[in-house]
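Working notes, structure below.
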Amino acid sequence: MWQLHQFALCPFSRKVRLLLGEKGVGCELVREYPWEQRDEFLDMNPAGQVPVMTDAARSLRLMDSMAICEYLEETVDKNAMISGTAVNRAEIRRLVAWFDTQFFADIVAPLLHERMEKRIVTKAPPDSNKLRAAMKAAVRHLEYTDFLLDRHNWMAGATMSLADLAAAAQISVADYLGGIDWKHHEQTAKWYRGFKSRPSFRPLLSERMEGIVPPKHYDDVDF
Ligand SMILES: N[C@@H](CCC(=O)N[C@@H](CS)C(=O)NCC(=O)O)C(=O)O
């Protein structure tokens, strides 16, 4: 049985969880807070980052969300998420990298730092200028996803792909942390409403991070 070492608001772990759900692969969740820097966890992943996916019975240990997703894609046929022509697959990988690096750096990382890490680790208040900058960046990013979704039903083309899972993972954490103003983003909101009702997404939306309450619309499918 796979075990996924992760925490509720890690967008990279969410992407892996969504892929596991879409592919119907069972997995036990093990909560790991990387900021605790536990020796046992650093022995497991010297980078000190979640997600890490292990299967003790088979002595398997996978880390880095993209490496884990590529492994699942290569070993589980059901619901291929990096498929189509070489050009299609390149576009899927480009957009996964876009959400995992740009969207994360501009929006999710500052929100996690200001609203979660400061609260849990340093007990300092959030910096309102940094929160405002992240929300402003979210407007720009959602304008881009509106543009992508104007051209086709899914982020990278006509079918759902890993790009949609990466986008939903990052957007859902930003939304939990109050970083998204959905006004004027009808294309992205429509796509996200559809995503919210998927069985792979429901368990993530019902989870809460201790001490951090999401906005009311967060798990509402008809927000
Ligand atoms: N490239 C890595 C990034 C993972 C990552 O940044 N995880 C964060 C939590 S969301 C983490 O563990 N941060 C702790 C640290 O960097 O020390 C991946 O895709 O798995």
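All ligand and atom numbering here is 1-based and tracks the order in the structure. All values below were derived from every heavy atom in this structure, side-chain atoms included, with hydrogens, water molecules and symmetry-related copies excluded. All residue numbers in this chain count up from 1 along the given sequence.
- Each of Tyr218, Phe223, Trp191 was checked for a ring-ring contact (aromatic ring centres under 6.0 Å, His included) with Trp182, and the lone residue meeting it is Phe223.
- Side-chain N or O atoms of Ser161 include one that pairs as donor or acceptor with a backbone N or O of Ala163 at under 3.5 Å.
- At a heavy-atom distance under 4.0 Å, only side-chain atoms of Pro34, from C-beta outward, approach ligand 1.
- Contact record, Ile82 with Ile92: CA-CD1, 4.0 Å, taken as the closest heavy-atom pair.
- Annotation: atom 20 (O) of ligand 1 to nearest protein heavy atom, Ser65 N, 2.8 Å.
- Below 3.5 Å of separation, one finds no N or O of Ala47 facing any N or O of ligand 1.
- In this model, no donor atom of one side chain and acceptor atom of the other lie less than 3.5 Å apart for Asp146 and His184.
- Within the set Glu32, His5, Gln37, Gln49, the minimum heavy-atom distance to atom 13 (N) of ligand 1 is found for Gln49.
- Less than 4.0 angstrom separates some heavy atom of Pro51 from each of these atoms of ligand 1: 20 (O).
- The two residues Gly179 and Leu111 come nearest to each other via the heavy atoms CA-CD1, 3.8 Å.
- Met135 and Gly178 get closest at one heavy-atom pair: CE-O, 3.6 Å.
- Ranking the protein heavy atoms by distance from atom 17 (O) of ligand 1 puts Gly48 O, 3.9 Å first.
- Using the six-membered ring where Trp is involved, Phe103 and Phe99 have ring planes that are tilted, between 30° and 60° apart.
- Of all protein heavy atoms, the one closest to atom 4 (C) of ligand 1 is Val50 O, 3.3 Å.
- Of the N or O atoms in Asp100, none lie within a sub-3.5 Å distance of an N or O in ligand 1.
- Checked by distance only, ligand 1 and Asp64 come closer than 3.5 Å through their nitrogen or oxygen atoms.
- Between His141 and Trp98, the ring-plane angle classifies as tilted under the 30° and 60° cut-offs.
- Counting the atoms of ligand 1 from 1 in the order shown, those under 4.0 Å from a heavy atom of Pro11 are 10 (S).
- Each of the atoms 9 (C), 10 (S) of ligand 1 lies under 4.0 Å from some heavy atom of Cys10.
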